[in-house]
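Along the sequence shown, residues are numbered consecutively beginning with 1.
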Amino acid sequence: MAAAGEGTPSSRGPRRDPPRRPPRNGHGKLLFKDGSYYEGAFVDGEITGEGRRHWAWSGDTFSGQFVLGEPQGYGVMEYKAGGCYEGEVSHGMREGHGFLVDRDGQVYQGSFHDNKRHGPGQMLFQNGDKYDGDWVRDRRQGHGVLRCADGSTYKGQWHSDVFSGLGSMAHCSGVTYYGLWINGHPAEQATRIVILGPEVMEVAQGSPFSVNVQLLQDHGEIAKSESGRVLQISAGVRYVQLSAYSEVNFFKVDRDNQETLIQTPFGFECIPYPVSSPAAGVPGPRAAKGGAEADVPLPRGDLELHLGALHGQEDTPGGLLARGHAPHCPGACQRVEQGCAEFTDVLLGPPPPGYHPFLFLDSLHKKAGGRSRGGLHPRGTPPTAQEPPGGSRPEGRATEEQAAAAHLGEYVLMIRDVTTPPFLGRRLPPAFKHLRVVAKRAGQPPHVLEEGPEASSSWQAAHSCTPEPPAPR
């Protein structure tokens, strides 16, 4: 090409050889002052056609189609920082459909605009998650499906790279949620567990009963959008510190079976006590030891045994869900359905091995006409233990039915969220219900809970587990 302002031959100085220029047409190589270069086709002295260009300042290299010196059309860009792009380009930028591998090895295949992921596309993330859906300026936005490496799946709306709008999630733990999402969180998610029924539930000795549970949102509505959480039922019996003058039915607990006290919201402590259900059958070794391992801390082993490890095993929760099989739910547990769960035929069994019933009778309290009282004393031995004259039980001994049932007294039911792994990384706090075991009345239906205030007050007068002060002389 002629240089601008070129004069006549007589006006020039001594003639010099001009610098090497690229060919006007054909193949050649052009070197730049900063060390960059282009090698490839030229048309009318311009970089146009197939070629390869290297930029010294960035270290990037593009091989493909050029128009007037710029990458235009289709080609491959190799980045010095790592990764590469293969696809359509316009004015040197990713535009159209392409395949991008970033420096971390993450792979995207789909549409680009203005050098960013934009439009429909699929991406495989470094952690194994896969996304297939809409993108807006390098962010997931619109409708998309995320399949996580652990087996969880989300289908629904996105905004600014988070779940936002209407969507559903099938979690690897078996929990499902369908509803509104805001900033990545379920808008109608359960936040607490509630055990239905009166403040103090009364159940006849030796009779099974049902426990109904609801998952509630912050504002008190049932979390009907959520199903699949695993709830575990367990029980404790009230721990009673004996006073100097009291008549108390209690248990001496062997030294090898002493348990950690469980704090309750009812103003007293309890120690674990076995509870069974039809699915669970008789209490297992954990319950036979008092159930401490099932109550404090939260159990994980049994669930992990049924659900499998999250990584490195074929039958992971994600794999089970992918094949259409829900993770197994242990017998002592129930899965929530639309925010509700029911434990049926729940039964408090006899005291487990290592819990030995005693009767402590104080002469002063005897004079005051003391009443039989239920409770536990898991620490140490009583100062005096003797059988009262004539016996304090019908015919001097317990009936076979009573021997196979929980003793009269105050107990606590506990419902815990043992979903594994926790849904969205969080378990719900446990729920407690105050329970009293009362003597069975003639003709009383086995499943009826005494809920009336009169029944509650009369039982409290006859079977309170809080030691009374000695009667005045």
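One distance of note links CZ of Phe32 with CH2 of Trp57; it measures 13.5 Å at 0.5 Å rounding. Note that CG of Leu196 and CD of Glu342 are 10.0 Å apart. Values are rounded to the nearest 0.5 Å. Taking CD1 of Ile262 as the reference point, atom CD1 of Ile271 lies at 8.5 Å (rounded to 0.5 Å). Between Ile47 atom CD1 and Glu39 atom CD the span is 11.5 Å, to the nearest 0.5 Å. Here NZ of Lys33 is found 13.0 Å from CG of Leu31. Values are rounded to the nearest 0.5 Å.
Considering Gln65, His97, Glu88, Glu86 in turn, Glu86 is the only one that fulfils the side-chain hydrogen bond (donor to acceptor under 3.5 Å, both in side chains) rule with Tyr74. The side-chain hydrogen bond (donor to acceptor under 3.5 Å, both in side chains) test with Arg229 singles out one residue from Thr176, Thr419, Asp417, and that residue is Asp417.
With a 4.5 Å cut-off on side-chain heavy atoms, Val213 and Val194 do not count as touching. Between Leu215 and Leu231, the closest side-chain pair of non-hydrogen atoms falls below 4.5 Å. At a threshold of 4.5 Å between non-hydrogen side-chain atoms, the residues Gln214 and Asn212 do not count as touching. Between Ser164 and Gln157, every side-chain heavy-atom pair lies at or beyond the 4.5 Å cut-off. In this structure, Phe432 and Phe266 have side chains that are in contact, with non-hydrogen atoms separated by less than 4.5 Å. Contact check for Ser227 versus Val336: no side-chain heavy atoms found under the 4.5 Å cut-off. Side-chain contact check for Leu100 versus Val107: every heavy-atom pair is 4.5 Å or farther apart. Residues Leu146 and Phe163 are in side-chain contact: their nearest non-hydrogen atoms beyond the backbone lie under 4.5 Å apart.
A search for side-chain contact (heavy atoms from CB on, under 4.5 Å) contacts involving Glu221 returns Gln217, His219, not counting sequence neighbours. Residues forming a ring-ring contact (aromatic ring centres under 6.0 Å, His included) with Phe62 (at least two apart in sequence, or on another chain): Phe66. Not a single ring-ring contact (aromatic ring centres under 6.0 Å, His included) links His91 to another residue, sequence neighbours left out.
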Inset, instruction - Mind running side-chain hydrogen bond (donor to acceptor under 3.5 Å, both in side chains) on Ser225 and Glu188 for me, showing each step along the way? - result: CA-CA 7 Å; Ser225 299; Glu188 301 170 351; 2.7 Å; yes
Inset, instruction - Begin with the C-alpha distance, continue with both residues' side-chain angles, and end with the deciding distance and a verdict on side chain to side chain contact (heavy atoms under 4.5 Å, CB included) for Val346 and Val275. - result: CA-CA 7 Å; Val346 179; Val275 61; 3.4 Å; yes
Inset, instruction - Dump the intermediate steps for side chain to side chain contact (heavy atoms under 4.5 Å, CB included) on Leu348 and Val437, then the final yes or no. - result: CA-CA 9 Å; Leu348 295 173; Val437 175; 3.8 Å; yes
Inset, instruction - Run the numbers on His54 and Ser36 for side chain to side chain contact (heavy atoms under 4.5 Å, CB included), then give the verdict. - result: CA-CA 6 Å; His54 174 78; Ser36 302; 5.6 Å; no
Inset, instruction - Begin with the C-alpha distance, continue with both residues' side-chain angles, and end with the deciding distance and a verdict on side chain to side chain contact (heavy atoms under 4.5 Å, CB included) for Phe343 and Ile415. - result: CA-CA 10 Å; Phe343 295 84; Ile415 303 293; 3.8 Å; yes
Inset, instruction - Check the pair Arg427, Thr420 against side-chain hydrogen bond (donor to acceptor under 3.5 Å, both in side chains), reporting the backbone distance first and the verdict last. - result: CA-CA 9 Å; Arg427 286 193 174 99; Thr420 302; 3.1 Å; yes
Inset, instruction - Could you give me the CA-CA distance, side-chain angles and deciding distance for Asp132 and Gln122, then say whether side-chain hydrogen bond (donor to acceptor under 3.5 Å, both in side chains) is met? - result: CA-CA 4 Å; Asp132 184 358; Gln122 302 174 341; 3.3 Å; yes
Inset, instruction - Take Glu269 and Gln263, measure what side-chain hydrogen bond (donor to acceptor under 3.5 Å, both in side chains) needs, and give me the verdict at the end. - result: CA-CA 5 Å; Glu269 298 171 322; Gln263 300 292 331; 2.6 Å; yes
Inset, instruction - Assess whether salt bridge (charged side-chain N to carboxylate O under 4.0 Å, His left out) is satisfied between Asp138 and Arg117, documenting all intermediate values. - result: CA-CA 5 Å; Asp138 264 350; Arg117 293 164 291 185; 2.9 Å; yes
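Put simply, the side chain of Asp44 never gets that close to the backbone of Glu46: no donor and acceptor are under 3.5 Å apart. Distance alone, capped at 3.5 Å, places no donor-acceptor pair between the Gln205 side chain and the Val438 backbone. Looking at Asn127, its side chain does come within 3.5 Å of a backbone N or O of Asp129 through a donor-acceptor pair. The backbone N or O of Ser160 lies less than 3.5 Å from a partner atom in the side chain of Gln141, making a donor-acceptor pair. Side chain of Asn115 to main chain of Arg94: a donor-acceptor pair is present (N/O by atom type, distance under 3.5 Å, no hydrogens or angles). Using a distance-only test at 3.5 Å, with no hydrogens or angles considered, a donor-acceptor pair links the side chain of Asp60 to the main chain of Lys80.
Two rings, from His434 and Phe268, have their centers less than 6.0 Å apart. Taking the ring centroids of Tyr85 and Tyr79, they lie at or beyond the 6.0 Å cut-off.
Counting non-hydrogen atoms of neighbouring residues, nucleotides and ligands closer than 6.0 angstrom, the NE2 atom of His143 exceeds 12 such neighbours. Around atom CD of Glu50, more than 12 heavy atoms belonging to other residues, nucleotides or ligands sit under 6.0 Å away. Heavy-atom neighbours of Tyr178 OH from other residues, nucleotides or ligands within 6.0 Å: at or below the threshold of 12. When the shell of 6.0 Å around NE2 of His27 is examined, it contains more than 12 heavy atoms from other residues, nucleotides or ligands. For Arg426, the CZ atom is densely surrounded, since the number of other residues' heavy atoms within 6.0 Å is greater than 12. Heavy-atom contacts from other residues, nucleotides or ligands closer than 6.0 Å to CG of Asp104 number more than 12.
Taking both residues in full, the closest heavy atoms of Cys340 and Ile222 are given as SG-CG2, 4.2 Å, listed atom of the first, atom of the second, then distance. The heavy-atom pair separating Tyr273 from His407 by the smallest distance is OH-N, 4.4 Å. Gly35 approaches Ala56 most closely through the heavy-atom pair C-CB, 3.8 Å. In plain terms, the two heavy atoms of Ser63 and Arg52 that are nearest each other are OG-NH1, 3.1 Å. The heavy-atom pair separating Ile193 from Arg416 by the smallest distance is CD1-C, 4.4 Å. Across Arg335 and Ala341, no two heavy atoms sit closer than the pair O-CB, 4.2 Å.
Under the 6.0 Å distance and 45° angle rule, Arg53 does not count as a cation-pi partner of Tyr38. Geometrically, Arg147 does not engage Tyr154 in a cation-pi contact, judged by NZ or CZ lying under 6.0 Å from the ring centre and within 45° of the ring axis. In this structure, Lys29 forms a cation-pi arrangement with Tyr37, its terminal cationic atom sitting closer than 6.0 Å to the ring centre and no more than 45° off the ring axis. Both tests hold for Arg140 against Tyr131: distance to the six-membered ring centre under 6.0 Å, angle to the ring axis within 45°.
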